[in-house]
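All residue numbers refer to positions in the sequence shown, counting from 1. Side-chain atoms are counted along with the backbone in the values below, which use heavy atoms only and exclude waters and symmetry mates.
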Amino acid sequence: MTETTRILIAGGGIGGLALASGLAQKGIPSLVLERSAKLGEIGAGIQLGPNAFHAFDYLGVGDTARSMAVYVDNLRLMDAMSGDQICQIPLDEGFRKRFKNPYAVVHRGDLHGVFLKACQDHPLVELRTSSEVVDYDQDGTTATAILADGSRVTGTALIGADGLWSKIRKKLAADGPPRVSGHTTYRSVIPTDQMPEELRWNAATLWAGPKCHIVHYPLSGWKVFNLVVTYHNDAPEPVAGLPVTHEEVRRGFEHIHPLPREIIERGKDWKLWVLCDRDPITNWVDGRVALLGDAAHPMMQYFAQGACMAMEDAVCLTAQLEALSGNVERALAAYQNRRLLRTARVQLQSRAIGDHIYHPDGAHAALRNAIMRAKSTEDWYDEIEWIYGGSGLSEAASIDPT
């Protein structure tokens with residue numbers, strides 16, 4: 001690995017390690033610069049659409065990722081006020097045939113571990129911790145990461161996979177801080193034997209209510225249920241991973257049906273996040289520097305596509321760098337062009353479904369229920385074709401000739 005061939009990657013989360021793994025599969029060396037003293041992920045569950053499995057295969061971790069996933073039978077939407085089912089989308093053989101891959105859930109730490117092991121096992125990947133990238137320079141032939149301790153690391157390109165508060169984006173896009181949504185999410189994990197028996201569904205379940213919702217699904221070989229509850233309480237500033245009391249969580253859900261409220265009673269060791277995102281931008285690239293994942297397109301959680309979009313980015317960028325290895329700047333520009341509209345759509349529609357599916361009230365909620373109940377399974381598959389059928393891999397396969 002030399003300064004003239006290696007790709008620098010700022011950030012050792014899922015997106016950064018996915019890129020390093022993908023590059024290694026194509027014979028391209030990389031150096032991952034992670035600010036923390038230890039590589040790891042916080043949080044619990046991640047939902048994985050078929051597009052995630054397409055990415056796993058391209059990035060060389062398909063078998064390992066499949067072995068640890070829990071394959072749910074349905075996406076299930078429930079009315080949190082009445083306790084009734086609104087609709088469900090089957091994830092059976094018909095779904096897999098349509099989208100060429102399954103739908104599953106996995107623990108975030110386990111998924112990160114898949115990519116971490118792939119990187120640790122490959123000689124073309126170097127991992128360096130306690131190395132926060134705070135700035136960059138470039139000279140037309142190389143890019144240099146400037147670290148918090150003042151040291152400098154040089155490569156042929158620098159990819160900012162450094163998340164929502166990306167220091168690389170701060171310089172590249174200069175678009176200010178993230179947008180605070182006012183939506184507060186509380187996370188817990190419930191041992192399966194403590195989950196209400198009548199709700200131990202093999203489904204990714206959403207209970208939608210006025211300004212609030214509850215999501216739950218089984219994890220870790222059915223040992224636990226992941227529980228994520230969100231309350232639109234106009235929280236004014238970002239918060240991440242703050243421990244909170246059970247009483248605080250209860251307050252946002254006192255108005256809903258007793259059945260979903262019972263799930264909250266089973267939670268413990270709650271932690272709070274105030275959700276943030278950004279408006280889509282058209283400038284992810286500055287010469288030999290580019291953004292990836294949340295640094296490029298942070299989004300609300302409502303499509304469950306944040307990690308999936310980061311992995312798609314890794315696939316697309318790997319393909320461009322392999323095909324255009326003689327012209328790094330052109331490869332980064334081609335990557336941006338192929339990813340911009342797809343990720344912008346997920347960003348904007350994630351906000352929209354938060355308003356129109358997850359959190360409506362009154363007549364708005366009644367209209368949601370009527371529209372969604374009227375759809376057949378094939379209608380649903382047609383509705384989600386754009387996100388699960390078009391994974392970003394097809395865009396990566398054709399190279400912009402300009």
Would you name the heavy atoms of Gly62 and Asp57 that are closest together and state the gap between them? CA-OD1, 3.4 Å

Donor + acceptor pair across side chains of His257, Trp207 (<3.5 Å): no

Rounded to the nearest 0.5 Å, what's the gap from CZ on Phe115 to CG on Leu17? Could you check? 8.0 Å

Ring geometry between Trp386 and Phe303 (parallel below 30°, tilted from 30 to 60°, perpendicular above 60°): perpendicular

Tell me whether the count of non-hydrogen atoms from other residues, nucleotides or ligands lying under 6.0 Å of CG in Leu242 goes above 12. yes

Within a 6.0 Å radius of atom CZ on Arg250, are there more than 12 heavy atoms belonging to other residues, nucleotides or ligands? yes

Is the backbone of Gln85 close enough, under 3.5 Å, to the side chain of Arg373 for a donor and an acceptor to pair up by distance? yes

With the side chain counted from C-beta on, respond yes when Phe56 and Leu111 share a heavy-atom pair under 4.5 Å apart, and no when they do not. yes

Pairing donors with acceptors under 3.5 angstrom, does anything connect the side chains of Asn51 and Tyr388? no

List the steps and the verdict of salt bridge (Lys or Arg N to Asp or Glu O under 4.0 Å) for Arg98 and Asp382. CA-CA 10 Å; Arg98 173 73 178 262; Asp382 290 343; 2.8 Å; yes

Spell out, as yes or no, whether a donor-acceptor pair under 3.5 Å connects the side chain of Thr185 to the backbone of Thr230. no

Using a 3.5 Å distance criterion without hydrogens, assess whether the side chain of Asp286 forms a donor-acceptor pair with backbone atoms of Val289. no

For the CG atom on Asp63, are there more than 12 heavy atoms of other groups (residues, nucleotides or ligands in this structure) within a distance under 6.0 Å? no

Sub-3.5 Å donor-acceptor pair from the side chain of Arg266 to the main-chain atoms of Gln194, do we have one? yes

Could you check Leu227 against Val215 for side-chain contact (heavy atoms from CB on, under 4.5 Å), going step by step and ending with a plain yes or no? CA-CA 6 Å; Leu227 179 58; Val215 171; over 6 Å; no

Say whether, by atom type as modelled, one donor and one acceptor occur between the side chain of Gln88 and the main chain of Arg76 under 3.5 angstrom. no

Proximity of Trp284 and Tyr335 rings by center, below 6.0 Å: yes

Within 45° cone and under 6.0 Å: Arg187 NZ/CZ vs Trp273 ring: yes

Would one find more than 12 heavy atoms of other residues, nucleotides or ligands at under 6.0 Å from atom CD of Glu197? no

Is the side chain of His246 donor-acceptor paired with the backbone N or O of Gly267 at a distance under 3.5 Å, no angle test? yes

I'd like to know if the side chain of Arg338 and the backbone of Gln320 have a donor-acceptor N/O pair within less than 3.5 Å. no

Between Tyr381 and Phe95 (judged by ring centroids, cut-off 6.0 Å), do the two rings come close enough to count as a pair? yes

Backbone N or O of Trp222 within a donor-acceptor pair of the Thr192 side chain at under 3.5 Å? yes

Do Arg152 and Asp137 meet the salt-bridge criterion of a basic N to acidic O distance under 4.0 Å? yes

Is the closest basic N to carboxylate O distance between Glu34 and Arg128 below 4.0 Å? no

Stepwise side chain to side chain donor-acceptor pair (under 3.5 Å) test for Arg35 and Ser130: CA-CA 5 Å; Arg35 69 176 183 174; Ser130 302; over 6 Å; no

Between His359 and Tyr302, is the gap from one ring center to the other below 6.0 Å? yes

Salt bridge (Lys or Arg N to Asp or Glu O under 4.0 Å) between Arg351 and Asp277: does it pass, once the steps are laid out? CA-CA 9 Å; Arg351 292 180 185 176; Asp277 68 354; 2.7 Å; yes

Stepwise side-chain contact (heavy atoms from CB on, under 4.5 Å) test for Gln347 and Met309: CA-CA 10 Å; Gln347 284 179 281; Met309 288 294 112; over 6 Å; no

Short question: side chain of Arg278, backbone of Asp294 - any donor-acceptor pair under 3.5 Å? no

More than 12 heavy atoms of other residues, nucleotides or ligands under 6.0 Å from NZ of Lys268: is that the case? no

Ring centres of His232 and Tyr358 under 6.0 Å apart? no

Look at Arg261 together with Glu265 and state whether they make a salt bridge at an N to O cut-off of under 4.0 Å. no

Decide side-chain contact (heavy atoms from CB on, under 4.5 Å) for Gln336 and Thr282; before the verdict, give the C-alpha distance in whole Å, the side-chain angles of both, and the deciding distance to 0.1 Å. CA-CA 8 Å; Gln336 173 185 270; Thr282 57; over 6 Å; no

For a side-chain contact (heavy atoms from CB on, under 4.5 Å) check, start with the C-alpha distance between Ile168 and Val133, then their side-chain angles and the critical distance, and finish with the verdict. CA-CA 8 Å; Ile168 294 175; Val133 179; 4.2 Å; yes

Does the cation-pi check pass for Lys171 over Tyr136, that is, NZ or CZ under 6.0 Å from the six-membered ring centre and within 45° of its axis? yes

Donor-acceptor contact present, side-chain Asn202 to main-chain Tyr71, <3.5 Å: yes

Around Lys271, counting heavy atoms of other residues, nucleotides and ligands shown, do more than 12 lie under 6.0 Å from its NZ? no

Heavy-atom distance under 4.5 Å between the side chains of Leu116 and Gln120, does that happen here? yes

Modelled atom types, side-chain donor and acceptor of Thr154 and Thr144, under 3.5 Å: yes

Before accepting this row, confirm whether a basic side-chain N of the pair Arg169/Asp175 lies closer than 4.0 Å to the acidic partner's carboxylate O. yes

